[in-house]
Amino acid sequence: MDYNTQREKLKMPEYGRHVQDMINYVKNLPDKEKRNEQIQAVVSVMGTLNPQLRDINDFKHKLWDHVQIISDFEIDIDSPYPTPTRETLWAKPNTIPLQKTPVKASHYGRNI
């Protein structure tokens, strides 16, 4: 039996294992033209599987970014959008400076 605990972990579970397998298949194709042709089909399937992404202004850009994330940034394709890097996607935000003055009634907060 083939259990999910024995399989490779899903990078983005909202697309499912089949999309991840399709991207891995496209990643291993030797011909770049064939890869580009196949990845177009995979991106259209991803858009069909997640219709809620269509509410976002530039949802195609987000789908192409998701392809890069699922392939672990190793797929060699001609994307219509700039390819993100691992560092830019998972960079930590700047810390927010907090006021150090004590609050008189701390159980109420600063509103009172």
Side-chain angles (χ1 to χ4, degrees):
M1 298 271 328
D2 188 23
Y3 296 105
N4 283 339
T5 56
Q6 298 170 342
R7 293 181 178 178
E8 179 184 358
K9 188 172 182 192
L10 291 176
K11 305 261 186 345
M12 296 190 80
E14 57 265 21
Y15 292 110
R17 191 163 305 278
H18 292 296
V19 172
Q20 183 167 328
D21 290 342
M22 285 190 285
I23 291 175
N24 286 335
Y25 170 76
V26 171
K27 185 169 68 172
N28 294 327
L29 287 174
D31 186 24
K32 187 167 184 170
E33 289 180 22
K34 188 72 170 169
R35 262 194 315 263
N36 289 329
E37 178 184 317
Q38 294 293 319
I39 204 66
Q40 293 283 342
V42 173
V43 168
S44 67
V45 167
M46 288 169 65
T48 305
L49 288 175
N50 280 343
Q52 69 270 13
L53 282 180
R54 294 179 194 254
D55 297 339
I56 299 173
N57 290 339
D58 201 8
F59 77 97
K60 287 281 188 184
H61 190 282
K62 191 169 210 62
L63 290 176
W64 283 96
D65 288 350
H66 288 176
V67 166
Q68 291 292 333
I69 292 169
I70 292 172
S71 70
D72 204 24
F73 302 96
E74 296 174 354
I75 193 166
D76 181 28
I77 53 172
D78 295 331
S79 174
Y81 302 100
T83 305
T85 61
R86 188 175 279 125
E87 293 78 26
T88 58
L89 284 178
W90 286 293
K92 291 187 177 183
N94 297 334
T95 58
I96 299 173
L98 299 176
Q99 296 178 358
K100 300 292 182 183
T101 59
V103 179
K104 290 181 183 178
S106 62
H107 56 282
Y108 287 120
R110 295 190 183 275
N111 295 335
I112 303 261

Nearest non-hydrogen partners of [X] and [Y], listed with the distance:
X     : Y     : result
Leu49 : Tyr15 : CD1-O, 3.9 Å
Val19 : Met46 : CG1-CG, 3.7 Å
Thr83 : Ser79 : OG1-CB, 4.5 Å
Ile23 : Ile70 : CD1-CG2, 3.8 Å
Val26 : Arg35 : O-CG, 3.0 Å
Pro82 : His61 : CD-NE2, 4.2 Å

Lys11 with Asp72: basic N within carboxylate O range, under 4.0 Å: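 Judged by the 4.0 Å cut-off on N to carboxylate O distance, Lys11 and Asp72 do not form a salt bridge.
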Answer yes or no: does atom [atom1] of [X] have more than 12 heavy-atom neighbours from other residues, nucleotides or ligands under 6.0 Å?
X     : atom1 : result
Asp2  : CG    : yes
Tyr25 : OH    : no
Glu33 : CD    : no
Lys62 : NZ    : no

To the closest 0.5 Å, what do you measure between CG (Asp78) and CG (Asp76)?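 Result: 7.0 Å between the selected atoms.
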Single-linkage hydrophobic cluster, 4.5 Å side-chain cutoff, Leu10 and Ile69 together: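 Unlinked, Leu10 and Ile69 end up in two clusters.
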Between Arg17 (side chain only) and Glu8 (backbone N and O only), is there a donor and an acceptor less than 3.5 Å apart?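 Confirmed, Arg17 side chain pairs with Glu8 backbone.
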Partner of Ile77 by side chain to side chain contact (heavy atoms under 4.5 Å, CB included), out of Gln40, Lys32, Gln68: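 Among Gln40, Lys32, Gln68, the one that satisfies the side chain to side chain contact (heavy atoms under 4.5 Å, CB included) with Ile77 is Gln68.
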Residue pair Pro84 / Trp64, side-chain heavy-atom distance below 4.5 Å: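 They are not in side-chain contact.
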Side chain to side chain contact (heavy atoms under 4.5 Å, CB included) assessment of Leu63 paired with Tyr81: CA-CA 10 Å; Leu63 290 176; Tyr81 302 100; over 6 Å; no
